[in-house]
Amino acid sequence: MSATEPTAASPRRLPLETLAVAGVAWLWGALLLRVWDMPKRLPFDTRSDATLISSMVKTMEERGWYLNQPRLGAPFGQQFYDFPHGGESFQLMAMKVLVSLTGDWGLAINLYFFLGFGVLASVTFLVLRHLRFGPVVAGIAALIFTFMPYHFTHGEMHLWRSTYYSAPLAALLLIWATAWRERFLTDPALVGRGSIRGNLRWTRIAAALAVAVVIGGTETMTTGFTMVLLASGAVVAAIRWREPLRLVVAVVLIGVMGFTFAVLSTPTLNYYRAYGTNDQAARRLVTESELYGLKLSRLLTPQGGHRFEVFSDIGARAQDESFVPSEGGQALGVLGVAGFLGAMWGAFSGRWRRERPDIRPGWDRSALREDATTFTLLALLFGSIGGLAIIVSMAGFSQIRVWNRIVLIIAFFAMTMVLLWSEQLTAWIRERSERPRLVLGALAVAVLAFGLWDSIPPQRHPYAEIEARHANDRAFVGQIDELMPDGAKILQLPIIEFPEAQPVGKMEDYDHLRAYLADDGSLEWSYGSIKGRPDAAWQTVLRDEVGPIGALPAILGLGFEGIWIDTYGYAGKEDEVDQIVEAVGVEPLVSPDGRFLFLDLRDFKRRTDLSDEELRLAALDKLGVAPPEEPS
């Protein structure tokens, strides 16, 4: 217990405190991003998955939702059911609101990421205030948690992961489940000799169920982590305290999260019911958790790219030429490492309580220390490379593969340990200092400054470079749009599977989507058809068996009127591009940066002297696909 008894937050002051913390988060985020310089209507992150997310949001703008886009995956159109995002439904709904308000997909993405600073800081602050930490220390911890290396490492590239407000809610739910008597019963002492049903606090239970629903529909990975920690934590506690009822509490909360996830995944489940499952798109191997697991070395060393060059070098050297690099963003920072080691110390110091916890105040600090230790250990056991996550995968949950992201829950409990120490330090200073407020104020400013410094700046290209890239794409696609009729179908070469393909040549994954993102007209693009379905199978045949030159009549038969060539995909094979251009026999359009070529196939079609029916038969014969029926 701390020297001073924690007090609950004032209902009148809490909204103002929360707004103040959010305001600081937005201010610091604006300074880091240099929002006055950034291109407001263009995503500042151009890494591979950022391009994919941009296409999803643009489809929302054009179609109202992201699941169907007839302008991608030509000639059959794109469906997104095989690449499910049901677990991110609440985030997608929020993005839909921003898209509707702004009418601009790029601005909506930037606003979503920026507003996420304040939302994350607010949620974290409210959780810490609920745990009866003071407003100053809770605000400092919330801000440091908001700007930990994870945030900018993932950035807009993993937009649904970098707004991780479900992580502090997950930690709160774990604490509530552990202290279920104090949270959910009016008189915890009655358990075992009284009526549980008549002893329930329905308001608090409703709050816990609501939190479970929010987690279940906000972020898939955090949902999986929370369910695993709830289950394993309940088993540990049930054995320790000889209390099987803990298993019931965990099962109910897990059931609510699972049911929420299933309901929000209904579109995908209905699609599977109608068309069968897809074993190729977004299917994870059991052993992929080995590749994306948690690394203790990454937790305890700084992140490469740290502001302090010495720290950055340490982080880079710790991962240099690692055979299993996992993901970046796992670094806890100096304060986080201290809290993490403190939580670990609790496991080995022999200071765990021995008495049965029948009656404990909700702010019992010894219980909170034990929670931090228990869930940090469990997170390490499951999340670490070679850990128990492999069992979870073998049980049918291999989709939860990026176990390194459980670092968010570890970081929250590490920060909780630091706050517990801060309470003891505050009491010590108050007893010994003549001007404690001055000393504590200076210390608070210093800790906040250090915590914000001890991270990494946003990972992005220079804004001028980003604007030049988008300007190049828009200028070139604009040329094509002026040249081609409305609704013209464009075949994109080289053929690359969608989603999640290995980069080809100098391309990044999803680079073909740049054409669609730059297109304000009505062109239709071949890239984006989900692999593993018949609508995409013909592209694999074209790439692996027939080749683009041999397939030219079939390409015409499928209704394509032009070819887009990304020369980066032919690095080291430039002669193949020359052969395609020569076979088509037209002068290509060239993008301003020289990277992209466009070939108009209409003149080539006239020179073939083949009828439309003959071309359609060529598509069926060479590529094994019947062209879509022409609208009557």
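Taking both residues in full, the closest heavy atoms of Ala212 and Val256 are given as CB-CG1, 3.8 Å, listed atom of the first, atom of the second, then distance. Nearest heavy-atom pair across Ala108 and Thr102 is CB-OG1, 3.8 Å. The minimum heavy-atom distance between Leu143 and Ala121, with the atom names listed, is CD2-CB, 4.4 Å. When all heavy atoms of Gly29 and Phe147 are compared, the pair lying nearest together is N-CZ, 3.8 Å. Taking every heavy atom of both residues into account, Gly293 and Gln330 meet most closely at O-NE2, 3.9 Å. In this structure, Lys295 and Ser326 approach most closely via the heavy-atom pair CD-CB, 3.9 Å.
Applying the side-chain contact (heavy atoms from CB on, under 4.5 Å) test to Ile400 and every residue at least two apart in sequence or in another chain returns Met221, Phe225, Phe397, Trp403. Considering only residues two or more places apart in sequence or on other chains, Glu508 meets the side-chain hydrogen bond (donor to acceptor under 3.5 Å, both in side chains) condition with none of them. Listed by chain and residue number, Gln79, Tyr271, Tyr272, Asn278, Ala281, Ile530, Arg533 satisfy the side-chain contact (heavy atoms from CB on, under 4.5 Å) test with Asp82 (two or more places apart in sequence, or in another chain). With sequence neighbours left out, Phe113 forms a ring pair (Phe, Tyr, Trp, His ring centres under 6.0 Å) with Phe44, Phe117, His151. Residues that satisfy the ring pair (Phe, Tyr, Trp, His ring centres under 6.0 Å) test with Phe498, not counting sequence neighbours, are Tyr510, Tyr527.
Side-chain atoms of Thr226 and Ile254, non-hydrogen and from C-beta on, never get closer than 4.5 Å to each other. Side-chain atoms of Leu128 and Phe412, non-hydrogen and from C-beta on, do get closer than 4.5 Å to each other. Counting heavy atoms from C-beta on, the side chains of Phe152 and Leu32 come closer than 4.5 Å. Looking only at side-chain heavy atoms (C-beta outward), Glu497 and Thr540 come within less than 4.5 Å of each other. The shortest distance between side-chain heavy atoms of Pro84 and Ser265 does not fall below 4.5 Å. Side-chain contact between Tyr112 and Val57 is absent, with no heavy atoms from C-beta onward closer than 4.5 Å. Considering only heavy atoms from C-beta on, Thr374 stays 4.5 Å or farther from Thr178 through its side chain. Here the side chains of Leu230 and Met227 are not in contact, with every heavy-atom distance at 4.5 Å or above.
Without hydrogens or angle criteria, Thr18 side chain to Ser122 main chain gives no donor-acceptor distance under 3.5 Å. No donor-acceptor distance shorter than 3.5 angstrom exists from the side chain of Asp371 to the backbone of Leu174, with no hydrogens or angles considered. Judged purely by atom type and a 3.5 angstrom limit, Gln78 has no side-chain atom pairing as donor or acceptor with the backbone of Gln69. No donor-acceptor pair under 3.5 Å is formed between the side chain of Glu219 and the backbone N or O of Ser162. Remark: the backbone N or O of Phe133 is paired with a side-chain donor or acceptor of Arg129 at under 3.5 angstrom. Between the side chain of Ser384 and the backbone N or O of Leu381 there is no donor-acceptor pair closer than 3.5 Å. Between the Asp45 side chain and the Gly155 main chain, no donor and acceptor come within less than 3.5 Å of each other. A distance-only check finds no donor-acceptor pair linking the side chain of Lys58 to the backbone of Asp104 [under 3.5 Å]. Side chain of His85 to backbone of Phe83: a donor-acceptor contact under 3.5 angstrom is found. In this structure a side-chain-to-backbone donor-acceptor pair under 3.5 Å is missing from Thr153 to Gly328.
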Please tabulate, for side-chain N and O atoms in residues 93-101, each donor-acceptor pair with protein atoms closer than 3.5 Å (sequence neighbours left out).
| unit_1 | atom_1 | unit_2 | atom_2 | d |
| --- | --- | --- | --- | --- |
| Lys96 | NZ | Gly64 | O | 3.1 |
| Ser100 | OG | Lys96 | O | 2.9 |

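Salt bridge status for Arg298 with Glu327: absent, with no side-chain N to carboxylate O gap under 4.0 Å. A salt bridge links Arg71 with Glu62; the closest basic N to acidic carboxylate O contact falls under 4.0 Å. Under 4.0 Å is where a charged nitrogen must lie from a carboxylate oxygen, and between Arg240 and Glu370 at least one such pair does. With salt bridges taken as basic N to acidic carboxylate O contacts below 4.0 Å, one links Arg246 and Glu243.
Under 3.5 Å, the side chains of Thr218 and Glu88 contain no donor-acceptor pair of N or O atoms. Judged purely by distance below 3.5 Å, without hydrogens or angles, the side chains of Ser55 and Tyr66 never pair a donor atom with an acceptor atom. When only modelled atom types and interatomic distance are considered, Ser529 and Asp535 share no side-chain donor-acceptor pair under 3.5 Å. A donor-acceptor contact closer than 3.5 angstrom links the side chains of His130 and Trp176.
Taking CD of Gln91 as the reference point, atom OG1 of Thr220 lies at 9.0 Å (rounded to 0.5 Å). Between Ile391 atom CD1 and Phe382 atom CZ the span is 7.0 Å, to the nearest 0.5 Å. Interatomic distance, Ile495 CD1 to Gln539 CD, rounded to the nearest 0.5 Å: 4.5 Å. Rounded to the nearest 0.5 angstrom, Ile215 CD1 and Leu173 CG are separated by 5.0 Å. Atoms CZ and OG1, on Phe413 and Thr376 in that order, are 7.0 Å from each other to the nearest 0.5 Å. Once rounded to the nearest 0.5 Å, the distance linking CD of Glu182 with CZ of Phe184 reads 10.0 Å.
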### Task
Test Tyr150 against Gln303 for side-chain hydrogen bond (donor to acceptor under 3.5 Å, both in side chains), laying out the working first.
CA-CA 9 Å; Tyr150 183 100; Gln303 173 79 25; over 6 Å; no

### Check against side-chain contact (heavy atoms from CB on, under 4.5 Å), Asp511 and Val504
CA-CA 10 Å; Asp511 265 356; Val504 176; over 6 Å; no

### Message
Run Asn68 and Tyr81 through side-chain hydrogen bond (donor to acceptor under 3.5 Å, both in side chains) and show every step you take.
### Response
CA-CA 8 Å; Asn68 292 282; Tyr81 301 100; 3.1 Å; yes

### Task
Check the pair Leu209, Val252 against side-chain contact (heavy atoms from CB on, under 4.5 Å), reporting the backbone distance first and the verdict last.
CA-CA 9 Å; Leu209 297 179; Val252 170; 4.2 Å; yes

### Message
Could you walk me through whether Ile109 and Leu42 satisfy the side-chain contact (heavy atoms from CB on, under 4.5 Å) test, starting with their C-alpha distance in whole Å, then the side-chain angles of each, then the deciding distance to 0.1 Å, before giving a yes or no?
### Response
CA-CA 8 Å; Ile109 290 173; Leu42 299 172; over 6 Å; no

### Task
Please test Leu299 against Leu380 for side-chain contact (heavy atoms from CB on, under 4.5 Å), starting from the C-alpha separation and ending with a verdict.
CA-CA 11 Å; Leu299 287 180; Leu380 286 174; 3.9 Å; yes

### Task
I would like to know whether Phe125 and Phe145 meet ring-ring contact (aromatic ring centres under 6.0 Å, His included); could you show each step before the answer?
CA-CA 10 Å; Phe125 176 77; Phe145 185 79; over 10 Å; no

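For the pair Arg401 and Tyr292, the cation-pi criterion (under 6.0 Å, within 45° of the ring axis) is fulfilled.
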